[in-house]
K.L.:
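Let me give you the structure first, and then I'll get to my questions.
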Amino acid sequence: MAQVQKRNRVPLLAGNWKMFKTISEATALVQALKAGCAGISNREILVCPPFAALSTVRDLVRGTNIRLGAQNMHWQLEGAFTGEISPVMVKDAGCQYVIIGHSERRQYFGETDETVNRKTKAAFGQTLIPIVCVGETLAEREAGQQLQVVEEQVRGGLAGLKPAEAEKLVIAYEPVWAIGTGKTATPEQAQEMHQWIRKLLSEFGNGAEQKIKILYGGSIKPDNIDMIMQQPDIDGGLVGGASLKAEDFSRIIKFIG
Ligand code: PGA
């Protein structure tokens, strides 16, 4: 595929189901998705269901081209943290990936660059691949601060990572103003930020920035994914709303770019 040849980074299309789908709804969605994306091997396909559906989805995707991720976790391995889930449990549930620091977690649950950093390190401790989310608010973009805001999030969230870990990372750039709003960043706005993030990642040395996948997220839909994926520094998508419909997510996975 053109994308793979272009940059040697296999595109990753990740579905963030957020707080949607009961176990029976999750089952129906995954069955339809399995049919919709059977035989695709040149793209990585990931679903991140709510915790309650993880083990059901794990059993359904076993032996398929669909991988499993969690939407959040604590950084401690275990302990008296009512309502939390540990990296060990996420791994045990069959996850290979975990989303860290989604803007909804930052906005509603007090996540900071420091907790993102702890969780990112904890993910590597369990050989989970963290998908670290960054992105500016509308006010920050309107004030022209977006590059600086994202730089702080990248530096804070990834502080102290070893280069060997860093190169396994996935970053998701999700402008807050584009999430669930139907408003996507233009491909040029997204490319500018992805290029900036890749430049920052080059500080890890050893060409790490060429290995790290940087996903775009925010109102990805079947009708805008092709344009988004044509950008040289965009390696895939973190998809919310459109990942809840098998048909839409399958089309997104099959982007033409
Ligand atoms: P959206 O969500 O695709 O519904 O905008 C993306 C996300 O929050 O990851």
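In each ligand, atom 1 is the first atom listed, and ligand 1 is the first ligand listed. None of the values given here were measured: they were computed from a predicted structure.
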K.L.:
Indicate the ring-plane relationship of His194 and Tyr173, choosing parallel, tilted or perpendicular according to the 30° and 60° boundaries.
P.N.:
perpendicular
K.L.:
For the atom pair CD1 (Ile197) and CD1 (Ile214), what is the distance rounded to the nearest 0.5 Å?
P.N.:
5.5 Å
K.L.:
State whether the side chain of Gln96 and the backbone N or O of Leu68 hold a donor-acceptor pair below 3.5 Å, judged by distance alone.
P.N.:
no
K.L.:
Considering heavy atoms of the protein only, find what lies nearest to atom 2 (O) of ligand 1 and give residue, atom and distance to 0.1 Å.
P.N.:
Lys18 NZ, 3.3 Å
K.L.:
Any idea which protein heavy atom is nearest atom 4 (O) of ligand 1, and the distance to it?
P.N.:
Gly241 N, 2.9 Å
K.L.:
For Lys245, does the NZ atom sit with more than 12 other heavy atoms under 6.0 Å from it, leaving out its own atoms?
P.N.:
no
K.L.:
Using a 4.0 Å cut-off to any heavy atom of Gly218, which atoms of ligand 1 qualify?
P.N.:
5 (O)
K.L.:
For atom 3 (O) of ligand 1, what is the closest protein heavy atom, and at what distance to 0.1 Å?
P.N.:
Gly240 N, 2.9 Å
K.L.:
Are more than 12 heavy atoms from other residues, nucleotides or ligands located less than 6.0 Å from atom CD of Glu25?
P.N.:
yes
K.L.:
So, for Ala123 and Val98, which heavy atoms are closest and what is the spacing to 0.1 Å?
P.N.:
CB-CG1, 3.9 Å
K.L.:
Going by the order shown, which atoms of ligand 1 are within less than 4.0 Å of some heavy atom of His102?
P.N.:
7 (C), 8 (O), 9 (O)
K.L.:
If you count the atoms of ligand 1 from 1 in the order shown, which ones are under 4.0 Å from a heavy atom of Asn16?
P.N.:
9 (O)
K.L.:
Return yes if some donor-acceptor pair links the side-chain N/O of Arg141 with the main-chain N/O of Glu136 below 3.5 Å, else return no.
P.N.:
no
K.L.:
Hey, looking at atom 9 (O) of ligand 1, which of Glu174, Lys183, Lys221 has the closest heavy atom?
P.N.:
Glu174
K.L.:
Using a 4.0 Å cutoff against the non-hydrogen atoms of Ala178, which atoms of ligand 1 qualify?
P.N.:
5 (O)
K.L.:
Heavy-atom contacts under 4.0 Å between Ala242 and ligand 1: side chain, backbone, both, or neither?
P.N.:
neither
K.L.:
Relative to the heavy atoms of Gly180, which atoms of ligand 1 are at a distance of less than 4.0 Å?
P.N.:
1 (P), 4 (O), 5 (O)
